[in-house]
Protein chains: 2
Amino acid sequence: MAGRHGQGDAAGDQGRSGAKAPGLDFPRPLTTVDIVIFTIRQEALQVLLVRRGSGPGDPFPGTFALPGGFVDIARDRDLEACARRKLAEKTGVVSPYLEQLGSWGSADRDPRGWSATHAYFALIPGSAVEAALAADVQWFPLEGTGVTPKLAFDHAEILQAAVQRLRNKVEYTSLPAYLMPKEFTLPELQRTYEIVLDRALEKSAFRTRMLSADLIEPIAKMRKGPNRPAQLYRLKKTAAPVYFARTFNAPE
Amino acid sequence: MAGRHGQGDAAGDQGRSGAKAPGLDFPRPLTTVDIVIFTIRQEALQVLLVRRGSGPGDPFPGTFALPGGFVDIARDRDLEACARRKLAEKTGVVSPYLEQLGSWGSADRDPRGWSATHAYFALIPGSAVEAALAADVQWFPLEGTGVTPKLAFDHAEILQAAVQRLRNKVEYTSLPAYLMPKEFTLPELQRTYEIVLDRALEKSAFRTRMLSADLIEPIAKMRKGPNRPAQLYRLKKTAAPVYFARTFNAPE
DNA sequence: CAAACTTAGTTGTACTGTCCAACTTACTTA
DNA sequence: TAAGTAAGTTGGACAGTACAACTAAGTTTG
């Protein structure tokens, strides 16, 4: 690369140019998008993983990885559209919650060369998923922090970052609401919080907080069970996640 | 693209391959890194911007942009190293705080083609900066939410996201401590919080919170002025940002 | 059909930390 | 010495969680 303050170099190289093809004199990294898809199944937080193919040249054949793949610049208008496409392909679901997680790029994360992945994380209800799953994907429960299979690339690191981000945000947001089916009771919502946080919460404080937030509304139905029936709620149309002013417990 | 469940397609296209050059049959997006560098100067939050060159083929010639540029796969081991390099080139400073902000990628954000940028944001003390600035860069105060110059690419959007993230985190973290010089008083720290948040804070609550956090320690010196001298503090060696269990005010 | 059991939901007291305002302290300047 | 100003403290009101005991409403069991 030329000198630091050369004129074609202004704006930090983005303006750098050969005579004709500006920027193209830099070899381009491989660019992918990966998604960490969470759900609640069997009273546990679970992630969707894909078994990798074993064609010639495929790295990490036969191992599991996060769903994702190369950005297709012909089809994907932007990164988020690419993420939504891959999500739909694997689950058949339009995610009620999709957030960018971060990006990971380095010379050695992919044996095929310098590559960068844009990671997203999605929350989907456990209920509507079972049906439309693609053939090569599978749910895995997250016990504690480790997952059962070893993951391809640096996906273990990405997954861990996603879990950490999720746990962190669950402390002070309404994100778990996106893991619930259309209708749910307050104890069910609390159980979802507890599963994600892996920690028991106070019933009365939980109810006070949820009911005073502009988040859910009761419907004219009860959940019948072997015991006292519970009031059913649904998410209000205001889909925006709620941020609470405190965490449930002082962290630490 | 081939069928959804084809075998070379497993693991979401990352395993897709021609006979020899897997992944290379996808045209690659341009890949850049941009940094939003904040400091406090003249009682205001300011951002560092770069004037773009006007060589042939340079997009947005003469306008201002965030410092950044193409990833150099020969020099940059990973994205963060690339960000640190660009930061050092423009400011001569090793940032006390650097965080990934997110990534922006689309077909039309750069006239040269499908491009994706990995954005970082950095906090540096106002003091030590003035000296080593590169020639083509300049500080701009953020008044309210709009910046003075129109920015190249989608950098206005990225900058806005950075400000939002910073303001958000300042509500419940110790991030402003990274904007302070080595030694500072509690009222000075509070003023920094207030500048970033653009809102007055309660003195006693602020002091209680800062002093009970494991964040700063008093040194055997006072800041002398026209009035009562103030105790000087410094950051503890534990560089990790502190997360508080509450925000200062209930948002809204 | 009443008693035992289980989960839903409420109530009340203690405690923690912010909010608000008044106060004391320490220094400079008139 | 008095006035002024910013640093730092103190105390009461208030909000929301922590903890624990309570009531409510259904099912199952004897």
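Labels below follow one simple rule: chain letters A, B, ... track the order of the sequence lines, proteins then strands, and each chain is numbered from 1. What you see is a predicted model; the values in this text were computed from it and never measured.
- For B:Pro229, the listed nucleotide lying nearest its side chain is C:dA26; candidates were C:dC19, D:dA18, C:dA26.
- Atom-to-atom, CZ of A:Phe206 to P of C:dG9 comes out at 12 Å; the value is rounded to the nearest Å.
- Qualifying side chain to side chain donor-acceptor pair (under 3.5 Å) partners for A:Ser103, counting only residues two or more places apart in sequence or in other chains: B:Gln100, B:His118.
- Under the rule for a side chain to side chain donor-acceptor pair (under 3.5 Å), the partners of B:Arg234 that lie at least two apart in sequence or sit in another chain are B:Glu217.
- Taking atom CD1 of residue B:Ile216 and atom P of nucleotide D:dG8, one finds them 11 Å apart after rounding to whole Å.
- Under the salt bridge (Lys or Arg N to Asp or Glu O under 4.0 Å) criterion, A:Lys221 pairs with A:Glu183, sequence neighbours left out.
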Between protein and nucleic acid, restricted to nucleotides 9-13 of chain D and to nitrogen or oxygen atoms under 3.5 Å apart, what atom pairs and distances do you find?
unit_1 : atom_1 : unit_2   : atom_2 : d
D:dT9  : OP2    : B:Arg207 : NH1    : 3.2

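- The side-chain contact (heavy atoms from CB on, under 4.5 Å) search around A:Ser106 returns A:Asp108, A:Arg109, B:Asp78, not counting sequence neighbours.
- In this structure, A:Lys224 atom NZ and C:dT7 atom P are separated by 18 Å, rounded to whole Å.
- Applying the side-chain contact (heavy atoms from CB on, under 4.5 Å) rule to B:Thr173 yields the partners B:Lys169, B:Leu175, B:Tyr243; only residues at least two apart in sequence or on another chain are considered.
- A:Ile124 approaches A:Leu179 most closely through the heavy-atom pair O-CD2, 3.6 Å.
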What's touching nucleotides 28-30 of chain C from the protein side, N or O pairs under 3.5 Å?
unit_1 : atom_1 : unit_2   : atom_2 : d
C:dT28 : O4'    : B:Pro226 : O      : 2.5

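- In this structure, CZ of B:Arg223 is placed 11 Å from P of D:dG8, rounded to the nearest angstrom.
- Rounded to a whole Å, the OH atom of A:Tyr172 is 17 Å from the P atom of D:dT17.
- Rounded to whole Å, the distance from CD on B:Gln190 to C1' on D:dA6 is 12 Å.
- Distances from the side chain of A:Ala230 to the nucleotides C:dA8, C:dC20, D:dG8 place C:dA8 closest.
- With sequence neighbours excluded, the residues that form a salt bridge (Lys or Arg N to Asp or Glu O under 4.0 Å) with A:Glu80 are A:Arg84.
- Within residues 173-189 of chain A, the residues that have a heavy atom under 4.0 Å from DNA chain C are, in order of number, A:Pro187.
- Per the geometry, CD belonging to B:Glu202 stands 15 Å off P belonging to D:dA15, to the nearest Å.
- For the residue pair B:Gln164 and B:Gln160, no side-chain donor N or O sits within less than 3.5 Å of a side-chain acceptor on the partner.
- With sequence neighbours excluded, no residue forms a side chain to side chain donor-acceptor pair (under 3.5 Å) with A:Arg77.
- By the side-chain contact (heavy atoms from CB on, under 4.5 Å) test, A:Ala213 pairs with A:Leu215, A:Val242, A:Phe244, sequence neighbours left out.
- Whole-Å rounding puts the B:Arg209 CZ to C:dC19 C1' distance at 13 Å.
- Taking the side chain to side chain donor-acceptor pair (under 3.5 Å) definition, one finds that B:Arg228 meets it with nothing, sequence neighbours left out.
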